[in-house]
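Following: one structure in structure tokens, then a few remarks.
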Amino acid sequence: MIKFLDLEKFHAPILQELEEAVGRVVASGWYIGGEEVRFFEEDFARYLGIKHCIGCASGTDALELILRAYEIGPGDEVIVPAMTWVSDAEAVSLVGATPVFADILEDEYTLSPQALSKQITSKTKAIIAVHLYGLPCRMDEILALAKQHDLVVIEDCAQAHGAMYKGKKVGGLGAAAAFSFYPTKNLGALGDAGAVTCNDAGIAEKVRLISNHGQRKRDEHLVIGKTSRLDPIQAAVLRVKLNYLDRWNSLRISNAHYLQAALQDSPLTLPSMPNGCEHVFHQFVIQPGDRDTFRRYLMLNGIETAIHYPNALPQLPAFKQGGYAAGDFPMAEKLAREAVSLPILLDDNDLGQLVESIKRAVRKDLT
Ligand SMILES: *Cc1c(COP(=O)(O)O)cnc(C)c1O
């Protein structure tokens, strides 16, 4: 059986280190904030080459904290890709602003700069650039549009820890970035966790303030904030796992290259790997024509697959007030119908078995 993501297997070799990290927090008596959180924030900022990192409770909160730090709220519009995890649109709605969707690129699956430019109005305040599946967005074009229209660019790096765009790690390319450390991400905690990164000291301070009840000092509440802090146990776990991020990303990348080479003559649509980008393959997404038959065949061969995501966001009941119709976002809707994510964090044995099963499916014309 090849699980879609076998986290226990990848945690097994570092189990002792993880247990030590958790034990250290238990013994320290510091269960909110403290050294572990500060050390992780420093380590992660250094890893990314970015000035500030502020831990928080989740990736969704990271997005919300950034929007609030930029004082985006009622009456404002924020452009969000039509295909992404729900958080991007959700965070915009949570601050009272309106998510305005734009379609994705046909091959790269990230925000289409052309579609984006058509959605800019006098109310637009920000763009959420999601590095979907681990592939950096077309940042040069997005940043140029943002500059022209005076918009804030927020990167969503929840699927792209360590990904590079033109020699720079994502997370410091726009105004601020949101990271999630949900357990299945490329860098995952053992529970919910997230962070905001940015190079602007003022925004960093505002994010930190809002994430901790608006207080700089205890009982001195300067603004309305919330409880969204990075848990010290998760910070300690993340400090351990950060040391393995590059190794695990390399495994994802080399497996992706192997799959690309092995399947290049098949009728499957494979991920594109544009020049100048280092894709970290949070997901390896293909498009077989007949998704259900293909997935069923792999399942019969003991291989789990997944779908990211079965709906374009504008078509979900939660966003129906946008009044979008089927067909408004053709590329996002096509991906919602056809995408299949293959297991990618695999050892060589499982990778070989995956390729053989896919080749058999192709030969049997099950794609
Ligand atoms: C996982 C994810 C998030 C949200 O992260 P949580 O930590 O689960 O809140 C946001 N955006 C994208 C693209 C994600 O994949």
Side-chain angles (χ1 to χ4, degrees), residues 4-5 7 40 44 53-68 78-95 99 101-102 104-105 108-111 126-137 139 142 153-163 170-171 173-174 176-197 207 211 226-231 233-235 237-238 241 249 252 279-285 306-313 316 318-319 332 335-336 339 341 344-345:
F4 181 67
L5 179 63
L7 282 175
F40 171 70
F44 196 51
C53 170
I54 305 98
C56 64
S58 71
T60 310
D61 275 7
L63 289 161
E64 187 188 338
L65 290 167
I66 295 168
L67 290 163
R68 287 198 52 194
V78 178
I79 299 176
V80 172
M83 174 53 70
T84 176
W85 174 239
V86 68
S87 299
D88 295 294
E90 200 174 38
V92 173
S93 299
L94 281 171
V95 300
F101 296 100
I104 54 170
L105 293 164
E108 294 168 33
Y109 312 142
T110 55
L111 198 52
I127 300 165
I128 303 185
V130 184
H131 306 307
L132 194 71
Y133 307 145
L135 176 66
C137 292
M139 288 304 286
I142 293 171
V153 176
I154 300 167
E155 291 178 84
D156 180 339
C157 301
Q159 305 190 356
H161 316 71
V170 301
L173 305 172
F179 282 87
S180 166
F181 307 115
Y182 184 83
T184 61
K185 308 293 187 185
N186 289 35
L187 176 59
L190 301 180
D192 279 312
V196 172
T197 61
V207 166
S211 71
K226 60 186 287 179
T227 318
S228 184
R229 297 170 295 226
L230 175 61
D231 180 299
I233 291 184
Q234 299 308 339
V237 163
L238 288 167
K241 290 189 68 181
N249 274 349
R252 290 173 184 273
H279 194 323
V280 290
F281 292 97
H282 173 61
Q283 303 300 354
F284 187 96
V285 174
I307 297 176
H308 299 93
Y309 298 94
N311 296 290
L313 294 186
L316 288 165
F319 303 105
L335 199 59
S341 306
I344 190 70
L345 195 63

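Because the structure is a prediction, the values reported are computed rather than measured. All ligand and atom numbering here is 1-based and tracks the order in the structure.
Annotation: W85 places no N or O atom under 3.5 Å from an N or O atom of ligand 1; distance criterion only. The shortest N or O to N or O distance between Y182 and ligand 1 is not under 3.5 Å.
Heavy-atom neighbours of Y182 OH from other residues, nucleotides or ligands within 6.0 Å: at or below the threshold of 12.
To the nearest 0.5 Å, atoms CD1 (I54) and OG (S211) are separated by 8.0 Å. Atom-to-atom distance recorded for Q283:CD and I307:CD1 is 12.0 Å, nearest 0.5 angstrom. Here L135 contributes atom CG and Y109 contributes atom OH; the two are 10.5 Å apart, rounded to the nearest 0.5 Å.
Using a distance-only test at 3.5 Å, with no hydrogens or angles considered, no donor-acceptor pair links the side chain of R252 to the main chain of L345.
Atoms of ligand 1 lying under 4.0 Å from at least one heavy atom of A158, given by number and element, are 2 (C), 3 (C), 10 (C), 11 (N), 12 (C), 14 (C), 15 (O). With ligand atoms numbered from 1 in the order given, ligand 1 contributes 7 (O), 9 (O) to contacts under 4.0 Å with heavy atoms of S58. Ligand-side atoms of ligand 1 in range of V130: 13 (C), range being under 4.0 angstrom from any heavy atom.
Residue contact annotation: T84 has a non-hydrogen atom under 4.0 Å from ligand 1.
Evaluation of the side-chain hydrogen bond (donor to acceptor under 3.5 Å, both in side chains) rule for S87 yields T60, W85 as partners, not counting sequence neighbours.
Counting only N and O atoms by type, the side chains of H131 and E155 include a donor and acceptor under 3.5 Å apart.
Residues V78 and I127 form no side-chain contact, since every pair of their non-hydrogen atoms from C-beta on lies 4.5 Å or further apart.
Looking at atom 9 (O) of ligand 1, its nearest protein heavy atom turns out to be T60 OG1, 2.5 Å. In this structure, the protein non-hydrogen atom closest to atom 11 (N) of ligand 1 is D156 OD2, 2.7 Å. In terms of protein heavy atoms, atom 1 (C) of ligand 1 is closest to K185 NZ, 1.7 Å. Atom 4 (C) of ligand 1 has S87 OG, 3.3 Å as its closest protein atom, hydrogens excluded (heavy atom only).
When the heavy atoms of P81, G194, G59, A91 are ranked by distance to atom 6 (P) of ligand 1, first place goes to G59.
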